Structures are given as C-alpha cells and as structure tokens.
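Working notes, structure below.
In this text, all values refer to a predicted model and were calculated from it rather than measured experimentally. Index from 1, following the sequence.
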Amino acid sequence: TLTDLSALCFIPTLDQNNLCIEFLLPILYSITTTIVMCSTLLIQVTAVLGTWLLYLPCTWSIGLAAEPGCLPDLAMLALFGTGAVLMRGAGCTINDMWDKDIDRKVARTGNRPIAAEEISRFQALVFLGGQLSLALGVLLCLNYYSIVLGAASLALVVTYPLMKRITYWPQLVLGFTFNWGALLGWSAVKGSCDLSICLPLYISGIMWTMIYDTIYAHQDKADDVLVGVKSTALRFQENTKQWLTGFSTVMLTGLMTVGISSEQTLPYYAAVMAVGAHLTHQIYSLDISEPKDCWETFGSNRTLGLILFSGIVLGNLWKGKNKTDQTEDVQQ
C-alpha cells in the first residue's frame with residue numbers, strides 16, 4: 001500500500017508532516033525568541049555609557065605601557081574594546097537577572113527586558129553563556145599571566161549586583177570591578193604588572209568610579225529607599241560634594257604618582273590638570289536633587305577619560321622626542 005511504501009522509502013505521510021510541524025515550530029519559535037532577546041539586550045548594552053567607562057581604564061594602562069615615542073598598540077586597544085563590550089554586556093545581563101524584582105519597582109528600569117518579562121531568566125542565562133564564551137575567546141588571546149588575572153575579575157562581575165543589598169558602598173565594589181583593566185592592560189603588553197604604576201592607576205580609577213557612580217546613584221535615591229537597596233548617594237546625602245572632593249583629591253594624587261613612576265612628560269601633566277578642572281566643574285555645578293543634571297554630569301565622564309588617554313598618548317610621544325634629543329646631544 002501507499003502507507004507501506006512511504007514507510008519503506010521514508011516518504012512522510014500527512015500525519016508525519018503534521019508531527020514534524022508540531023515538533024519544529026516550538027524549536028523555531030525558541031530560536032527566534034532568543035535572537036530577539038539578544039538583540040534587545042545588545043541594544044541596551046551599546047546604549048550605556050558604562051561600556052566606555054569600563055574601557056577607558058584599559059586604554060590608560062595600554063597607553064602607559066607603550067614604548068617611549070610610540071603610539072599604543074592599536075591591536076591591543078581593539079581587543080580590549082571588544083572585551084569591554086562583551087563584559088559590559090555580561091555585567092548588564094547578570095545585573096538584570098539578579099535585580100528582576102527590584103527593577104520592576106523602579107521607574108527608570110521597569111522596562112528592562114527581564115524585569116518586563118519580555119524574556120525569561122533561562123533565556124538570559126543562555127545569552128550570558130554566549131557572552132562569556134566570546135569574552136573568554138578574547139581573554140585567551142593574551143599571555144598566561146593576563147589570562148589568570150582577567151579570570152580573577154569574574155568573581156567581582158558576578159557578586160557586584162548583590163552589594164547594594166548588604167552595604168551602602170556598592171560603588172566601591174563597582175570601582176574594583178570596572179577598573180580591573182588598569183591592571184590587565186599593562187600586563188597584556190608587558191607580561192606582568194608593574195605595581196609602582198598599575199596600583200596607583202587602579203586606585204585612581206576606583207576613586208573615579210566612586211565619583212561618577214555616586215552621581216549616577218542620586219537619580220534613583222527615592223526609588224532605592226522604597227525598594228530597600230543601598231548606595232553611596234544615600235550614605236552621603238547632603239555631604240555628597242565633600243565626599244566627591246575627597247575622592248577627586250585621591251584620584252589626582254594617584255595620577256601624579258603614576259606620572260612620576262612612568263617618567264611622564266608635560267602633555268601628561270597638562271591632561272591631569274585638565275582632569276582636575278573637569279572634576280571641579282562637575283562637583284561645583286552638580287545638583288544632586290535633579291536627576292537630569294545627575295545623568296548629564298555622569299555622562300560627561302567619558303570626556304574626562306578621553307582627556308586623560310590623550311595626555312598619556314601625547315606624553316609618551318613627547319618622551320620619545322626627549323630621548324631622541326638626548327641621543328643627538330651625546331653623539332655631538
């Protein structure tokens with residue numbers, strides 16, 4: 001019969017076709033949903049200034065590690081840029097997974113994909129696995145010292161979102177996390193960390209994060225009180241500007257120490273002065289009771305980071321010029 005023939009020749013009957021459709025449609029739907037999820041989260045990631053704030057300490061360190069008279073390693077900058085996008089994305093995914101119930105109670109974060117239940121935690125977990133796998137691929141391009149150092153930061157990435165539940169200092173933990181590149185960038189170029197340079201740079205970056213993320217946290221302080229999470233904005237309250245001034249002082253001291261340890265030149269110190277002026281303007285003009293002003297001030301820190309990176313690059317080129325002049329003087 002036709003049925004027997006179809007069975008022998010593996011020709012699907014109408015019932016088998018229906019079975020295939022019923023089996024395949026859920027799979028296709030799941031794949032499509034996952035693609036949409038990834039696109040949605042990726043749009044969120046690329047729109048956040050935090051990617052820049054994660055990347056910039058890496059550029060400072062890579063720039064400082066360049067040979068005198070040379071530009072920073074462009075391939076390394078590109079590699080770390082890719083890593084920053086991936087790890088910032090992973091951080092957003094982890095944060096949104098932890099904070100699903102909190103985000104839906106906060107006006108600014110209520111429309112995030114996981115909080116809005118546009119995607120499930122399981123789908124987010126699958127996407128997170130993809131992000132971390134790609135980030136691992138970037139990390140494996142580095143030397144062994146840097147691979148171990150980079151892997152060590154994962155504990156901070158995973159645990160940071162929990163800190164707002166247990167301490168008024170989550171911004172400090174974010175500083176440890178976001179500025180890991182100040183250590184990793186140098187080791188990726190040089191093979192290990194020079195603590196006389198990397199440590200004060202790392203501390204300066206932590207202080208910078210304390211400044212901009214405290215400002216950022218003032219946007220949500222009313223909602224934070226309602227949902228029961230903590231921040232330095234709630235800890236400092238009306239004394240915020242005094243605290244920010246203290247953090248700025250430590251940051252600038254650290255950057256001056258970096259300059260001395262790395263034998264930097266005039267353009268670097270000019271950039272540090274410009275950074276100091278930028279911080280002074282931020283703190284003086286900040287209105288902590290106005291969320292829009294907090295957002296704009298927070299966003300201006302990308303410019304601050306780029307100013308410092310420019311000073312590092314120009315200072316390093318100036319070092320090469322001085323070295324050439326000294327060589328010519330010796331020959332004469």
Side-chain angles (χ1 to χ4, degrees), residues 49-85 87-88 138-139 141-143 145-146 149-150 153 175 177-209 211-212 250-279 300-324:
L49 283 167
T51 304
W52 272 104
L53 300 177
L54 177 63
Y55 177 52
L56 283 164
C58 306
T59 69
W60 303 343
S61 191
I62 293 169
L64 287 166
E67 293 298 320
C70 297
L71 290 170
D73 187 328
L74 297 181
M76 197 65 73
L77 288 172
L79 192 66
F80 272 74
T82 303
V85 171
M87 287 308 297
R88 176 57 182 159
V138 172
L139 186 63
C141 295
L142 306 180
N143 55 61
Y145 182 100
S146 299
L149 183 62
S153 69
T177 309
F178 255 49
N179 294 281
W180 203 259
L183 307 174
L184 191 59
W186 181 281
S187 73
V189 176
K190 297 289 193 179
S192 63
C193 286
D194 181 343
L195 292 183
S196 69
I197 297 172
C198 294
L199 189 57
L201 184 65
Y202 185 50
I203 292 171
S204 293
I206 293 169
M207 294 299 102
W208 183 44
T209 302
I211 295 164
Y212 67 65
V250 177
M251 178 184 178
L252 294 172
T253 302
L255 292 177
M256 292 296 289
T257 304
V258 169
I260 294 169
S261 298
S262 60
E263 299 180 347
Q264 275 294 339
T265 54
L266 180 62
Y268 174 84
Y269 293 108
V272 172
M273 291 179 63
V275 166
H278 196 292
L279 290 171
S300 72
N301 280 277
R302 175 173 56 182
T303 301
L304 183 152
L306 290 170
I307 289 171
L308 182 57
F309 176 61
S310 299
I312 290 170
V313 173
L314 294 175
N316 208 48
L317 293 175
W318 190 292
K319 264 200 288 187
K321 178 180 178 298
N322 289 347
K323 188 174 181 180
T324 301

Among residues at least two apart in sequence or on other chains, which ones pass side-chain hydrogen bond (donor to acceptor under 3.5 Å, both in side chains) with Thr209?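 If we apply the side-chain hydrogen bond (donor to acceptor under 3.5 Å, both in side chains) test to Thr209, skipping adjacent residues, the hits are Asn179, Tyr212.
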Taking side-chain hydrogen bond (donor to acceptor under 3.5 Å, both in side chains) as the test, write out the residues that go with Ser196, two or more places apart.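 Asp194.
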Compare every heavy atom of [Y] with every heavy atom of [X], then report the nearest pair and how far apart it is.
| X | Y | result |
| --- | --- | --- |
| Leu64 | Ser262 | CD2-OG, 3.9 Å |
| Ser204 | Val250 | OG-O, 4.4 Å |
| Cys193 | Leu149 | SG-CD2, 4.0 Å |
| His278 | Leu304 | ND1-CD1, 3.8 Å |
| Ala66 | Cys70 | CB-O, 3.9 Å |
| Leu314 | Pro267 | CB-CB, 3.7 Å |

Atom [atom1] in [X], atom [atom2] in [Y]: separation rounded to 0.5 Å?
| X | Y | atom1 | atom2 | answer |
| --- | --- | --- | --- | --- |
| Ile62 | Leu79 | CD1 | CG | 8.0 Å |
| Ile206 | Met251 | CD1 | CE | 11.5 Å |
| Cys58 | Leu183 | SG | CG | 10.0 Å |
| Leu54 | Thr177 | CG | OG1 | 9.5 Å |
| Leu49 | Leu56 | CG | CG | 10.5 Å |
| Met207 | Leu279 | CE | CG | 12.5 Å |

Which residues satisfy the side-chain contact (heavy atoms from CB on, under 4.5 Å) test with [X], sequence neighbours excluded?
| X | answer |
| --- | --- |
| Ser192 | Tyr145 |
| Leu266 | Trp318 |
| Ser146 | Leu142, Asn143, Leu184, Ser187, Ala188 |
| Val313 | Leu71, Pro72, Phe309, Leu317 |

Tell me the salt bridge (charged side-chain N to carboxylate O under 4.0 Å, His left out) pairs involving [range], sequence neighbours left out?
| range | result |
| --- | --- |
| residues 178-188 | none |
| residues 57-83 | Glu67-Lys190 |
| residues 197-206 | none |
| residues 306-315 | none |

I'd like to know if the side chain of [X] reaches the main chain of [Y], judged simply by a donor and an acceptor atom lying under 3.5 Å from each other, with no hydrogens or angles considered.
| X | Y | answer |
| --- | --- | --- |
| Trp186 | Leu195 | no |
| Ser153 | Gly150 | yes |
| Tyr268 | Leu255 | yes |

Determine which pairs satisfy ring pair (Phe, Tyr, Trp, His ring centres under 6.0 Å) with at least one residue from residues 51-71, sequence neighbours left out, and list them in order.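 For residues 51-71: Trp60-Trp208.
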Just wondering, do Gln264 and Val272 contact through their side chains at under 4.5 Å, heavy atoms?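 Answer no - side chains too far apart.
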Are side-chain heavy atoms of Asn316 and Lys319 found at a separation under 4.5 Å?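 Result yes, sub-4.5 Å side-chain heavy-atom pair found.
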